[in-house]
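In listed order, ligands and their atoms are each counted from 1.
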Amino acid sequence: MVSRERWSSNFPRWFDWILEEAEIYDYGRYPVKGMGIWRPYGFQIRRRIIDIIREVLDGRGHEEVLFPLLIPETLLQVEKEHIKGFEDEVYWVTHGGLEPLDVKLALRPTSETSITFMESYWIKSYRQLPKKYYQIVSIFRYETKATRPMIRLREVTTFKEAHTVHDTFEDSERQVLEAIEAYKEIYDRLAIPYLVSKRPEWDKFPGALYTIAFDIVMPDGRALQIGTVHNLGQNFTKVFDFKIQLSDESHDYPWQTSYGISDRIVATVISIHGDDRGTILPPNIAPIQVVIVPIPAGSEEDRRLVDKTVKEVEKLLAGHSIRVKVDDREEVRPGAKFYYWEARGVPVRIEIGPREAKNGTVTIVRRDTLEKMETPVSTLVDELDRLFNSIYETLKERAWNYMKSKIKRTTSLDEAKSWVSERRGIVELPWCGMDDCAAQMEDMLEAKTLGTPWPREDAPGMKCPICGRDAVTWIRYSKTY
Ligand code: ZN
């Protein structure tokens, strides 16, 4: 049992604590390293987040598919840079029963190769384009760094990967923009802030022309990548000799993009909306939106009245499709129940005692601000609707303000170094555009390069702190997960 930890001052321990305390995710006990288990409460949170991802992608013309888990080595190794980027972290199936296999089979680390291979059969003409597929599946990576629940796993159980095909480069560039807009909508609906960067050349997705990434600053000041968008160019279609007919009747290789979101999106929601009491779930994804805690009454008559009111309020809310739960455990005192549901992040608690029951009111406590108020039952449903919106807005504003406070723009390497080493977040320094200077800054700061602002930003009048030449843009560094 991990003891209660402080969100602000000991986030890594807090994260382990909340996963166990709120029965979200079991990690470290299953006898395969880097693999965790979604428990029912965590599964419900995850499912609602996936629902949002599906809604946003479906609404933008994406079609969901499901590809096999196994990818033959012959497919995976076709794109040379791609396999080079993944080869040291692929799990291989080498046997069927006792028989060694002729061709080794990879547990998919990502699906660019298998999807492009099949698209070459399905897509013959520009008239079928753009084509946007996605799947939400497990991927496997033999991570050699220290693993962390939901954040660095060997089985990523919630990998949403989208793969698109286009007849022109321009249309693939338009798709990159659409993907970025889609991701912004997903994060916005979860009240999650983000910083969008173009990853440096040496840290792009293996096989891509370039990579755009979404990062967030976690409560311990380290950046976490929460989404990526890649323009793949014609790299994969060329190696699979996948050609289509174009509008001028000529034939050429189509253009592709791919973009992914993982379990980290769930880790982020739980973490960024946390405090020392536990997590605070945005009402739209909370498995339980309202918990009703009856306050014990003295007399038998009061008790019956409280019970009756609790049942009426429960029925009223359920009838309005509010996810409500009555905590009527006899053996647990109200204070312990408050603690229990606060940790789990239930957005609203309703207390009903004899006084409320007699007055036809309830006491409402919102989880984000812990404010208390009394409301007549007759207007409760409207009040909750207003509260859910207000909680969402408060969480979003709080998270964005927090994130902004964690980004420091400076021209001084010393200041940047102390910002990063004290784990205060992300620094932005002026940069001349030379890889060498970026690498030197990375070494001096002992941090990772997140890349340059997207959309691109100039740095007028600024000098690169390494070589002294004119800066062409800003470059971001942080300690990372
Ligand atoms: Zn320079």
Side-chain angles (χ1 to χ4, degrees), residues 80-82 84-86 88 145 169 172-173 176-177 179-180 183-184 193-218 220-233 235 257 259 402-481:
K80 297 291 176 251
E81 280 193 26
H82 187 64
K84 226 173 74 200
F86 283 104
D88 59 350
K145 284 194 200 173
F169 174 69
S172 70
E173 288 288 83
V176 167
L177 299 185
I180 291 169
Y183 280 10
K184 285 183 177 176
Y194 45 79
L195 188 68
V196 188
S197 302
K198 185 175 185 184
R199 284 281 186 263
E201 188 63 20
W202 62 90
D203 197 32
K204 65 183 186 184
F205 179 74
L209 297 181
Y210 65 86
T211 293
I212 306 293
F214 286 74
D215 296 296
I216 188 167
V217 182
M218 292 298 255
D220 60 353
R222 283 195 285 171
L224 179 70
Q225 172 177 299
I226 53 170
T228 48
V229 180
H230 319 291
N231 191 324
L232 302 175
N235 291 347
T257 77
Y259 31 106
Y402 179 81
M403 173 94 168
K404 284 176 193 157
S405 75
K406 295 284 176 184
I407 300 169
K408 175 90 183 161
R409 185 166 275 197
T410 175
T411 55
S412 150
L413 273 171
D414 287 341
E415 194 175 18
K417 176 144 179 127
S418 61
W419 187 266
V420 167
S421 63
E422 288 162 23
R423 296 273 172 97
R424 292 171 72 185
I426 295 171
V427 288
E428 299 179 323
L429 285 158
W431 181 45
C432 61
M434 306 283 290
D435 287 355
D436 266 2
C437 289
Q440 276 193 52
M441 284 195 254
E442 195 169 81
D443 287 346
M444 290 173 71
L445 299 173
E446 292 168 7
K448 199 164 175 245
T449 315
L450 299 179
T452 51
W454 190 96
R456 198 193 158 82
E457 256 185 77
D458 293 333
M462 298 292 163
K463 303 282 179 203
C464 174
I466 301 292
C467 69
R469 277 181 285 225
D470 285 345
V472 294
T473 185
W474 298 85
I475 189 159
R476 295 168 171 155
Y477 293 90
S478 180
K479 300 276 187 192
T480 59
Y481 275 91

Worksheet item: Mind counting the protein N, O or S atoms sitting less than 2.8 Å from the Zn ion (ligand 1)?
Response: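 Step by step: take the Zn ion (ligand 1), keep protein N, O, S below 2.8 Å, and you get 4.
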Worksheet item: Is a side-chain N or O of Ser478 found less than 3.5 angstrom from the main chain of Thr480, in a donor-acceptor match?
Response: no
Worksheet item: Does a donor on one side chain sit under 3.5 Å from an acceptor on the other, for Thr257 and Asn231?
Response: no
Discussion item. Distance alone, cut at 3.5 Å: any donor-acceptor contact between the side chains of Glu457 and Thr473?
Written reply: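 Absent: no donor and acceptor within the cut-off.
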Worksheet item: Cationic tip of Lys198 within the cone over Tyr210's six-membered ring, i.e. under 6.0 Å and within 45° of the normal?
Response: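 Satisfied, under 6.0 Å and within 45°.
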Fill in: Residue among Arg222, Gln225, Arg199 satisfying side-chain hydrogen bond (donor to acceptor under 3.5 Å, both in side chains) with Asp215
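Going through the options one by one, the only one that passes is Arg199.
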Fill in: Ion pair Glu415/Lys408, N-O distance below 4.0 Å
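Yes.
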